[in-house]
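Worksheet: the structure to be examined is printed underneath.
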Amino acid sequence: SALENNLHVGNVEGAFSSLTHLLARRNRLQRRHRAARAAEALGISQGAVSQHLKTIETHAQRKLFVRVGQRLKLNEDGELVYLDVRDALELLASAERRLSPASEQTIILGIQYSFGFHTIAPLVTEIRQAFPDLDLSLEMLSEEPGPHNRHIDLYLSSWTPGGDFHAIRTLPTHWRPYAHPDLALPADWQDSDTPLISFENGMDWRNWGLTADLPAKRMIETDSAGLAAELAIQKAGIAICADLMVATAIRDGALRPLSDRSALLEWGQVSFALNHHTPNRSQAEALADWMSARLEHLARSELKRCQTG
């Protein structure tokens, strides 16, 4: 293969090209850890992997990898190299997947930070059970995907898709006040001294229906709906949360709804967006279908159980 030729020739340019091939599969390497398994994953010999790493480290004049028992991982310098070239590597990996779709069956799912920890993390085991042959890679997103995110097949967010992405599934997303069950609240909690947690400078509360002034002393400000939910779980106050975001917290007894009133916030509707260019369209669409149905079911069933219980 071209990769093996680069390794055998031993030139720095070829070796660095091979390093991109290795680092672009960093997640896979970290799962397999050992050089033998990495070689198998990349379709080259174990000796070629070892020689390649030695060539790169010689050129860099520093160690990039460290061996822990039989495991091989990036050291601090290696992590810095990876951070420097990560975006370029992702573009290379994306191009390779499009040229040779049959050789790569990984679905890369991007997740907006606000929803990742509370919405998707609790479902990962179920997803793997539902799709045992799917190699799923999760990537947290702090902003709308751009040209450097072309490697992502599918993403979940409240952003309006653009560029290479278009919405394929939209989940009706209801937002309402939530608090920890152990937080002592009066019936008129809206007028109590309990802090209100806001991630939109109070607009999340006003859009829900709290039209009265929101005194600064009663507000805890953050710029993340996910952090607002976590603060409510930690009994810091009352937060406006999406039902589907906190379904697991409701089930675990970490949150309870404080009102039957909900709001379909225009900027808070969650959808799955598909990459126009993904070579794994059918798998990505099947994943979006399953996750949409599962998330809606969880949100409805846990909220109903909590309200009737």
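Quick note: numbers below take in every heavy atom, side chains included, and nothing from hydrogens, waters or symmetry partners. Just so it is clear, the model here is predicted, and its values are computed rather than measured.
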inquiry  = Evaluate D77 against K63 for salt bridge (Lys or Arg N to Asp or Glu O under 4.0 Å), listing each step before the verdict.
reply    = CA-CA 7 Å; D77 285 334; K63 297 286 290 184; over 6 Å; no

For [X] and [Y], indicate whether the former's side chain and the latter's backbone hold a donor-acceptor pair under 3.5 Å.
| X | Y | value |
| --- | --- | --- |
| R176 | D260 | yes |
| T173 | V270 | yes |
| R281 | H276 | yes |
| H118 | G226 | yes |
| R218 | S192 | yes |
| N149 | G146 | yes |
| D204 | F199 | yes |
| W290 | A130 | no |

Taking all heavy atoms of [X] and all of [Y], pick out the closest pair and write down the distance.
| X | Y | answer |
| --- | --- | --- |
| T170 | S271 | OG1-CB, 3.7 Å |
| I152 | I108 | CG2-O, 3.7 Å |
| S292 | R169 | OG-CB, 3.6 Å |
| T248 | P122 | OG1-CB, 3.5 Å |
| I197 | A236 | CD1-C, 4.3 Å |
| C241 | V246 | CB-CG1, 3.7 Å |

ask   = Taking it one step at a time, do I240 and N207 satisfy side-chain contact (heavy atoms from CB on, under 4.5 Å)?
value = CA-CA 10 Å; I240 294 288; N207 287 330; over 6 Å; no

request  = Check the surroundings of atom CG in D223: do more than 12 heavy atoms from other residues, nucleotides or ligands lie under 6.0 Å from it?
outcome  =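 Counting other residues, nucleotides and ligands, CG of D223 stays at 12 neighbours or fewer.
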
query = Would the number of heavy atoms belonging to other residues, nucleotides or ligands and lying under 6.0 Å from CZ of F117 be above 12?
reply =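 At most 12 heavy atoms, drawn from other residues, nucleotides or ligands, come within 6.0 Å of this atom.
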
How long is the straight-line distance from [atom2] of [Y] back to [atom1] of [X], given to the nearest 0.5 Å?
| X | Y | atom1 | atom2 | value |
| --- | --- | --- | --- | --- |
| H166 | T160 | NE2 | OG1 | 14.5 Å |
| S114 | M140 | OG | CE | 8.5 Å |
| E139 | D153 | CD | CG | 10.5 Å |
| I120 | L156 | CD1 | CG | 5.0 Å |
| W205 | Q190 | CH2 | CD | 7.5 Å |
| L138 | I127 | CG | CD1 | 7.0 Å |

task = Could you state whether L264 and L295 fall into the same hydrophobic cluster, counting links through intermediate Ile, Leu, Val, Met, Phe, Trp or Tyr residues with side-chain heavy atoms under 4.5 angstrom apart?
result =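 No; L295 is not reachable from L264 via cluster members.
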
request  = Ignoring hydrogens and angles, state whether a donor on the side chain of Q112 or S158 is under 3.5 Å from an acceptor on the partner side chain.
outcome  =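 Yes, a side-chain donor-acceptor pair sits under 3.5 Å.
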
ask   = With distance as the sole criterion, is a donor-acceptor pair present between the side chains of N275 and Y155 under 3.5 Å?
value =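 No pair is found: no donor N or O on one side chain lies under 3.5 Å from an acceptor on the other.
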
ask   = Would M291 and L154 count as a side-chain contact (heavy atoms from CB on, under 4.5 Å) if you check the C-alpha gap in whole Å, the side-chain angles of each, and the deciding distance to 0.1 Å?
value = CA-CA 12 Å; M291 291 181 65; L154 181 75; 5.6 Å; no

task = Start with the C-alpha gap between L171 and F272, add the side-chain angles, then the distance that decides, and say whether side-chain contact (heavy atoms from CB on, under 4.5 Å) holds.
result = CA-CA 8 Å; L171 289 70; F272 284 95; 3.9 Å; yes

